[in-house]
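Here's the structure, in C-alpha cells; my notes come after.
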Amino acid sequence: LEVDSEVHPVEALVGGRVKETRLVVGREVKAGEVLVELETDGQRLQLSEEQARVAALVAQLAALRGQSSAEQQAQFETREAAPVALDESRAKLAEAEASVRAAADEAGRREKLYAAGLVAEAELVRAQTEAQKRLAAADALRIAINRQNKDQRAKDSGQQAGLENLKRDAAALEGEIKTRQAIIER
C-alpha cells in the first residue's frame, strides 16, 4: 500500500469554532491559502472591550494630569504667598517690639517719678503691667511666626507628596494603557 499524499498538521494562531471550511479530500492546497474560517465574534467582542478599556484609561490619565497641573499651580501660588504672609507677620512683630520699648521706657520713667514721690504707686504698677502686656504680645507674635514657618513647610511637604502620588498613579495608568494596546495589537 502506498500513500500518494502526505498528511500535514494545520495550525491556527487562535482557537475557536469552525465557521466555514474549504477543505476537500484529495485536493492540493497552496501555502497561505485559507482552509478554514473560524468564528471571530468572541475575538471582536474582546477587542472592543480592550479598546473601551484603553479609552477609559486614557480619560483617567487626562483627568489625573489635569489634577496634577492644578496641584502644581496651587503649590506655586502657596509658595509665592508664604513669604508675603511672613513679611506681614514680621512687620507686626517689629511694631510690637517698638511698642514694648516705648512701654518699658514709660515704666522706667514712672519708677523714677515714684522714687522721687511724684506719682502714686498705682501709676507705676499700671505702667509696669502695660510693659509686660506688650512684651507678652510681642512674644506671641514671635511664636506665631515660628508656627507659620513650620506650617508652610508641612503644607509644602504635603503638596509635594500629593504630586508624587499623582505622578505614580499616572505612570501606572500609562503602563496599563501600553499593556492594553499591546493586547489589542496581537
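FYI, the numbering just counts along the sequence from 1. These numbers come from the heavy atoms of this one structure, side chains and all, not from hydrogens, waters or symmetry mates.
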One should read off an interatomic distance between Leu163 CG and Gln75 CD, to the nearest 0.5 angstrom, of 5.0 Å
salt_bridge(Arg126, Glu123) N-O dist < 4.0 Å: no
Show, in sequence, the C-alpha distance, side-chain angles and deciding distance for Glu50 and Val54, and conclude whether the side-chain contact (heavy atoms from CB on, under 4.5 Å) test is met. CA-CA 6 Å; Glu50 288 298 328; Val54 167; 5.5 Å; no
Quiz prompt | Carboxylate-amine/guanidinium proximity below 4.0 Å for Arg27 and Glu33 | solution = yes
Quick note, side chain to side chain donor-acceptor pair (under 3.5 Å) partners involving residues 97-108, not counting sequence neighbours, are Glu97-Arg142, Ser99-Arg134, Glu106-Arg109, Glu106-Arg110
Those residues at least two apart in sequence (or on a different chain) that pass side-chain hydrogen bond (donor to acceptor under 3.5 Å, both in side chains) with Glu121 are none
Here the gap from Arg53 atom CZ to Ile183 atom CD1, rounded to the nearest 0.5 Å, amounts to 8.0 Å
request  = May I ask you to test the Glu37-Val18 pair for a side-chain heavy-atom distance under 4.5 Å?
outcome  = no
d(Asn146 CG, Ser89 OG) to nearest 0.5 Å is 11.5 Å
(request) Carefully, step by step, assess Leu35 and Thr21 under the rule side-chain contact (heavy atoms from CB on, under 4.5 Å). (result) CA-CA 6 Å; Leu35 302 176; Thr21 179; over 6 Å; no
The reported gap from CD in Gln60 to CD in Gln67 (rounded to nearest 0.5 angstrom) is 12.0 Å
- Item | Single-linkage hydrophobic cluster, 4.5 Å side-chain cutoff, Leu124 and Leu135 together | no
Heavy-atom nearest pair, Leu141 first then Ala96, reads CD1-CB, 3.6 Å
Practice problem: Could you tell me whether Lys92 and Glu88 have a side-chain N and a carboxylate O separated by less than 4.0 Å? | Solution: yes
**Message:** Does Glu174 form a salt bridge (charged side-chain N to carboxylate O under 4.0 Å, His left out) with Arg65? I'd like the steps, not just the answer.
**Reply:** CA-CA 11 Å; Glu174 287 169 348; Arg65 285 185 175 148; 2.2 Å; yes
Of all heavy-atom pairs linking Ala104 and Ala131, the shortest is N-CB, 4.0 Å
Are Val100 and Val125 joined in one hydrophobic group, where the rule is that I, L, V, M, F, W and Y side chains link up if heavy atoms are under 4.5 Å apart? no
Practice task
Answer with yes or no whether the side chains of Glu71 and Gln159 bring together a donor and an acceptor at under 3.5 Å.
Solution key: no
Worksheet item: Going only through I, L, V, M, F, W and Y residues with side-chain contacts under 4.5 Å, is there a path from Ile184 to Val58?
Response: yes
Separation between CD (Gln148) and CD1 (Ile145), nearest 0.5 Å, reads 7.0 Å
Residue set satisfying side-chain contact (heavy atoms from CB on, under 4.5 Å) with Ala82, at least two apart, ordered chain then number -> Gln152
(message) Please determine whether a side-chain nitrogen of the Lys or Arg among Arg22 and Glu20 lies less than 4.0 Å from a carboxylate oxygen of the Asp or Glu.
(response) yes
What I want to check is whether the side chains of Glu164 and Gln160 have a donor and an acceptor closer together than 3.5 Å. yes
key: Test log, rule side-chain contact (heavy atoms from CB on, under 4.5 Å), inputs Leu64 and Leu173   = CA-CA 9 Å; Leu64 201 58; Leu173 282 175; 3.8 Å; yes
Exercise for review: Evaluate the salt bridge (charged side-chain N to carboxylate O under 4.0 Å, His left out) criterion for residues Arg180 and Glu176: first the C-alpha distance (whole Å), next the side-chain angles of each, then the deciding distance (0.1 Å), finally the verdict.
Suggested key: CA-CA 6 Å; Arg180 297 291 175 184; Glu176 182 70 16; 2.8 Å; yes
Side chain of Ser157, backbone of Arg153: donor and acceptor closer than 3.5 Å? yes
task = Consider only side-chain heavy atoms of I, L, V, M, F, W and Y, link residues closer than 4.5 Å, and tell whether Val84 and Leu86 are in one cluster.
result = no
### Query
Shared ILVMFWY cluster between Phe76 and Leu166, side chains joined below 4.5 angstrom?
no
